[in-house]
Amino acid sequence: MRAGTLTESIDILKVQVTTNEFGEQFDQYLPAFSTRAEVKSVGGGRVDENNEIFYEYRKVFKVYRYVDVDDFDRIMWKCKQYRILNIDESKADNSKTITCELINL
């Protein structure tokens, strides 16, 4: 992996489960740390699901292998949150390739 290709700054958001006085559980994603990444666009488009317009965009983030990220985390990039679909780790390249999709909030 070449360090010069890591040109974008991303934030890793970790989930924190909180319980209120009624016993309901809420997932709250809080920033854990920031790191540098290489960002590539895989594709996307406009989809009509259940008479609702849904924008489906996918990105691939490539980071160093030591970055602590798992499938339940989220990535914040340019004020947008992305759901992690897949993480591929490469020992030869010393990198993790994270495939994500945009979350429509």
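Numbers here simply count residues along the sequence, with the first being 1.
The closest side-chain heavy-atom distance from Ile87 to Asp71 is below 4.5 Å. Contact check for Leu13 versus Gln81: side-chain heavy atoms found under the 4.5 Å cut-off.
Through ILVMFWY side-chain contacts below 4.5 Å, Leu30 is grouped with nothing and stands alone. Membership of the apolar cluster around Val60 extends to Val42, as traced through chained side-chain contacts below 4.5 Å between ILVMFWY residues.
Judged as a side-chain contact (heavy atoms from CB on, under 4.5 Å), and not counting sequence neighbours, the contacts of Phe72 are Asp70. Tyr64 meets the ring pair (Phe, Tyr, Trp, His ring centres under 6.0 Å) test with Tyr66; sequence neighbours excluded. Not counting sequence neighbours, Thr99 has no partner by the side chain to side chain donor-acceptor pair (under 3.5 Å) test. Take Arg83 and apply the side chain to side chain donor-acceptor pair (under 3.5 Å) test, not counting sequence neighbours, and it matches Glu101. Listed by chain and residue number, Arg2, Glu38 satisfy the side-chain contact (heavy atoms from CB on, under 4.5 Å) test with Thr5 (two or more places apart in sequence, or in another chain). With sequence neighbours left out, the salt bridge (charged side-chain N to carboxylate O under 4.0 Å, His left out) criterion links Lys14 to Asp68, Asp73. Glu8 meets the side chain to side chain donor-acceptor pair (under 3.5 Å) test with Trp77; sequence neighbours excluded.
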side-chain contact (heavy atoms from CB on, under 4.5 Å) between Arg74 and Ile84, worked out: CA-CA 6 Å; Arg74 294 202 174 157; Ile84 296 175; 6.0 Å; no

Derivation and outcome, side-chain contact (heavy atoms from CB on, under 4.5 Å), residues Val47 and Ile53: CA-CA 6 Å; Val47 179; Ile53 296 175; over 6 Å; no

Chi angles and distances behind the side-chain contact (heavy atoms from CB on, under 4.5 Å) call for Asp11, Ile75: CA-CA 6 Å; Asp11 295 326; Ile75 293 179; over 6 Å; no

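Under the 3.5 Å distance criterion, the side-chain polar atoms of Arg58 are left unmatched by any main-chain donor or acceptor of Gly44.
Linking ILVMFWY residues whenever their side-chain heavy atoms come closer than 4.5 Å, directly or via other members, places Leu6 and Phe33 in the same cluster. Under the 4.5 Å side-chain contact rule for hydrophobic residues, Tyr29 and Val69 do not share a cluster.
Of the candidates Ile103, Leu102, Ile98, Cys100 forms a side-chain contact (heavy atoms from CB on, under 4.5 Å) with just one, namely Ile98.
Summarising the geometry, atom CE belonging to Met76 is positioned 10.5 Å from atom OG belonging to Ser34; distances are rounded to the nearest 0.5 Å.
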Validation: residues 20-27 side-chain donor-acceptor distances under 3.5 Å, sequence neighbours left out:
| unit_1 | atom_1 | unit_2 | atom_2 | d |
| --- | --- | --- | --- | --- |
| Asn20 | OD1 | Phe22 | N | 3.1 |
| Asn20 | OD1 | Gly23 | N | 3.2 |
| Asn20 | OD1 | Glu24 | N | 2.9 |
| Asn20 | ND2 | Glu24 | OE1 | 3.0 |

Identify each donor-acceptor pair in which a side-chain atom of residues 89-96 lies under 3.5 Å from a protein atom, sequence neighbours left out, and give them as a table.
| unit_1 | atom_1 | unit_2 | atom_2 | d |
| --- | --- | --- | --- | --- |
| Glu89 | OE2 | Arg65 | NE | 3.4 |
| Ser90 | OG | Asp93 | N | 3.2 |
| Asp93 | OD1 | Met1 | N | 2.7 |
| Asp93 | OD2 | Lys62 | NZ | 3.0 |
| Asp93 | OD2 | Ser95 | OG | 3.4 |
| Lys96 | NZ | Val67 | O | 2.7 |

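Note: Phe61 and Tyr82 meet the aromatic proximity criterion, with ring centroids under 6.0 Å apart.
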